[in-house]
Asks: 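Attaching a single structure in structure tokens format; questions to follow.
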Amino acid sequence: MGTERIFLADEAATAALGAELAATLKPGALALLSGGLGAGKTALARAIVRTLVGDPGTDVPSPSFALVQPYDANGTPLLHADLYRLHDPYEIDELGLFDRPDAIVLVEWPERAPDLAQLATIAVTLTVPADGIGRVAEVTR
């Protein structure tokens with residue numbers, strides 16, 4: 001696996017990265033999205049989901065409270081999860097993220113379930129630069 005560092009100047013750059021990543025996600029893929037609060041995880045996930053479902057107007061709320069938001073990506077199940085509120089890594093089993101081996105799974109806050117890292121197809125870490133302008137994405141494929 002190699003890591004690429006990408007500067008995202010704005011929402012359009014984030015959406016473009018999301019579209020690029022979405023094109024690489026096949027059934028059974030697991031994408032991990034890490035970063036602090038406000039780093040842009042949900043914005044990136046939103047772009048990935050919209051690309052995979054083929055509708056730029058799809059409502060993609062943060063799954064912070066529901067924990068998992070399901071979508072239909074043209075016949076492929078797509079699950080967008082947020083693990084921020086998990087207290088124990090084993091709680092992830094109750095979410096059903098891996099019940100369908102053909103599902104594409106996007107996970108925000110994967111550090112709450114560290115074992116996910118070994119299963120990841122792609123991992124993205126987002127950070128805010130010191131000057132507060134844009135975002136930096138470290139993409140490991």
Side-chain angles (χ1 to χ4, degrees), residues 1-89 91-141:
M1 280 190 158
T3 300
E4 178 183 10
R5 190 174 167 95
I6 304 164
F7 177 70
L8 305 171
D10 52 25
E11 287 288 324
T14 301
L17 176 61
E20 175 192 328
L21 296 176
T24 70
L25 298 175
K26 306 299 180 217
L30 172 61
L32 306 181
L33 309 177
S34 301
L37 288 171
K41 296 178 300 295
T42 300
L44 183 60
R46 186 172 292 121
I48 293 169
V49 169
R50 288 177 173 164
T51 299
L52 289 171
V53 301
D55 180 359
T58 298
D59 184 34
V60 183
S62 170
S64 293
F65 295 103
L67 298 181
V68 180
Q69 291 287 342
Y71 301 91
D72 178 353
N74 299 306
T76 299
L78 171 60
L79 301 172
H80 176 201
D82 185 323
L83 306 184
Y84 184 75
R85 296 184 324 147
L86 293 189
H87 298 290
D88 186 301
E91 290 178 293
I92 194 169
D93 295 337
E94 298 172 19
L95 299 179
L97 297 180
F98 304 106
D99 290 352
R100 297 272 313 262
D102 60 334
I104 295 172
V105 180
L106 307 176
V107 176
E108 295 184 41
W109 295 98
E111 53 276 4
R112 302 287 183 162
D115 290 346
L116 290 179
Q118 64 192 8
L119 304 172
T121 305
I122 191 165
V124 181
T125 301
L126 295 160
T127 55
V128 179
D131 63 8
I133 298 171
R135 302 291 183 265
V136 175
E138 291 187 9
V139 180
T140 303
R141 304 173 204 238

Asks: Answer yes or no: is there a donor N or O on one side and an acceptor on the other, between the side chain of Thr14 and the main chain of Leu44, under 3.5 Å?
Replies: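 No.
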
Asks: Distance from Asp88 atom CG to Arg112 atom CZ, nearest 0.5 Å?
Replies: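 So the gap between those two atoms works out to 11.5 Å.
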
Asks: So which atom in Glu111 and which in Ser34 form the shortest heavy-atom distance, rounded to 0.1 Å?
Replies: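 It is OE1-OG, 3.3 Å.
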
Asks: CG/Leu25 to CD1/Ile48 distance, rounded to the nearest 0.5 angstrom?
Replies: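 Rounded to the nearest 0.5 Å, the CG-CD1 separation comes out at 6.0 Å.
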
Asks: Nearest 0.5 Å, what's the CG-CD distance between Leu67 and Glu108?
Replies: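 It is 11.5 Å, given to the nearest 0.5 Å.
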
Asks: Could you pull out the closest heavy-atom pair between Ser64 and Arg85, with the gap in Å?
Replies: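 Result for this residue pair: O-NE, 2.9 Å.
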
Asks: If you take all heavy atoms of Ala29 and Thr121, which pair is closest and at what distance?
Replies: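 It is CA-OG1, 3.4 Å.
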
Asks: Could you please spell out the steps behind the side chain to side chain contact (heavy atoms under 4.5 Å, CB included) verdict for Asp82 and Phe65?
Replies: CA-CA 8 Å; Asp82 185 323; Phe65 295 103; over 6 Å; no

Asks: Is the shortest heavy-atom distance from the side chain of Pro77 to the side chain of Pro70 under 4.5 Å?
Replies: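 Not touching, per the 4.5 Å side-chain cut-off.
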
Asks: Got a second to check how far Leu37's CG is from Thr42's OG1, nearest 0.5 Å?
Replies: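 The distance works out to 9.5 Å.
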
Asks: Does a sphere of radius 6.0 Å around CD in Glu20 hold more than 12 heavy atoms from other residues, nucleotides or ligands, not counting ones at 6.0 Å or beyond?
Replies: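 Buried by this count: over 12 neighbours within 6.0 Å.
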
Asks: Keeping the roles fixed (side chain from Lys41, backbone from Leu33), state whether a donor-acceptor pair exists under 3.5 Å.
Replies: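 No, Lys41 side chain to Leu33 backbone: no donor-acceptor pair under 3.5 Å.
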
Asks: Flag the pair Val136 / Ile6 as yes when at least one side-chain heavy-atom distance between them is below 4.5 Å, and no otherwise.
Replies: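 Of all side-chain heavy-atom pairs linking Ile6 with Val136, none is under 4.5 Å.
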
Asks: Are side-chain heavy atoms of Leu8 and Leu17 found at a separation under 4.5 Å?
Replies: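 Yes - at least one pair of side-chain heavy atoms lies under 4.5 Å apart.
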
Asks: Tell me the closest heavy-atom pair linking Arg135 and Phe7, and the distance in Å.
Replies: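 Shortest heavy-atom contact: O-CD1, 3.5 Å.
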
Asks: Under 3.5 Å, side chain of Asp10 to main-chain N/O of Gly134, donor-acceptor pair present?
Replies: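 Pair absent, no side-chain N/O of Asp10 close to backbone of Gly134.
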
Asks: Looking only at non-hydrogen atoms, find the nearest pair between Ala81 and Leu97 and report the distance.
Replies: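 Where Ala81 meets Leu97 most closely, the heavy atoms are CB-CD2, 3.8 Å.
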
Asks: Which atom pair, heavy atoms only, marks the closest approach of Ala15 to Ala47?
Replies: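 Closest pair (atom of Ala15, atom of Ala47, distance): CA-CB, 3.6 Å.
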
Asks: Taking ring pair (Phe, Tyr, Trp, His ring centres under 6.0 Å) as the definition, give me every residue that meets it alongside Tyr84, ordered by chain and number, with sequence neighbours left out.
Replies: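 Scan of Tyr84 (ring pair (Phe, Tyr, Trp, His ring centres under 6.0 Å), adjacent residues dropped) gives Trp109.
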
Asks: If the threshold is 4.0 Å, N to carboxylate O, is there a salt bridge linking Glu4 and Arg141?
Replies: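 The answer is yes: the pair qualifies as a salt bridge.
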
Asks: Measuring only between side-chain heavy atoms, which start at C-beta, is Asp115 closer than 4.5 Å to Ile92?
Replies: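 Result no, sub-4.5 Å side-chain heavy-atom pair not found.
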
Asks: Look only at the side chain of Lys26 and the backbone of Ile104, and say whether a donor-acceptor pair between them is shorter than 3.5 Å.
Replies: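 No: the side chain of Lys26 does not pair with the backbone of Ile104.
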
Asks: Please test Val107 against Leu116 for side chain to side chain contact (heavy atoms under 4.5 Å, CB included), starting from the C-alpha separation and ending with a verdict.
Replies: CA-CA 9 Å; Val107 176; Leu116 290 179; 4.1 Å; yes

Asks: Just how far is it from atom OG1 of Thr76 to atom OH of Tyr71, taken to the nearest 0.5 Å?
Replies: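 The distance works out to 15.5 Å.
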
Asks: Can you tell which of Val60, Asp59, Leu79 makes a side-chain contact (heavy atoms from CB on, under 4.5 Å) with Val49?
Replies: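 Only one option passes, and that is Val60.
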
Asks: How many angstroms lie between CG in Leu32 and OG1 in Thr125, if you round to the nearest 0.5 Å?
Replies: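 Here the rounded value is 9.0 Å.
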
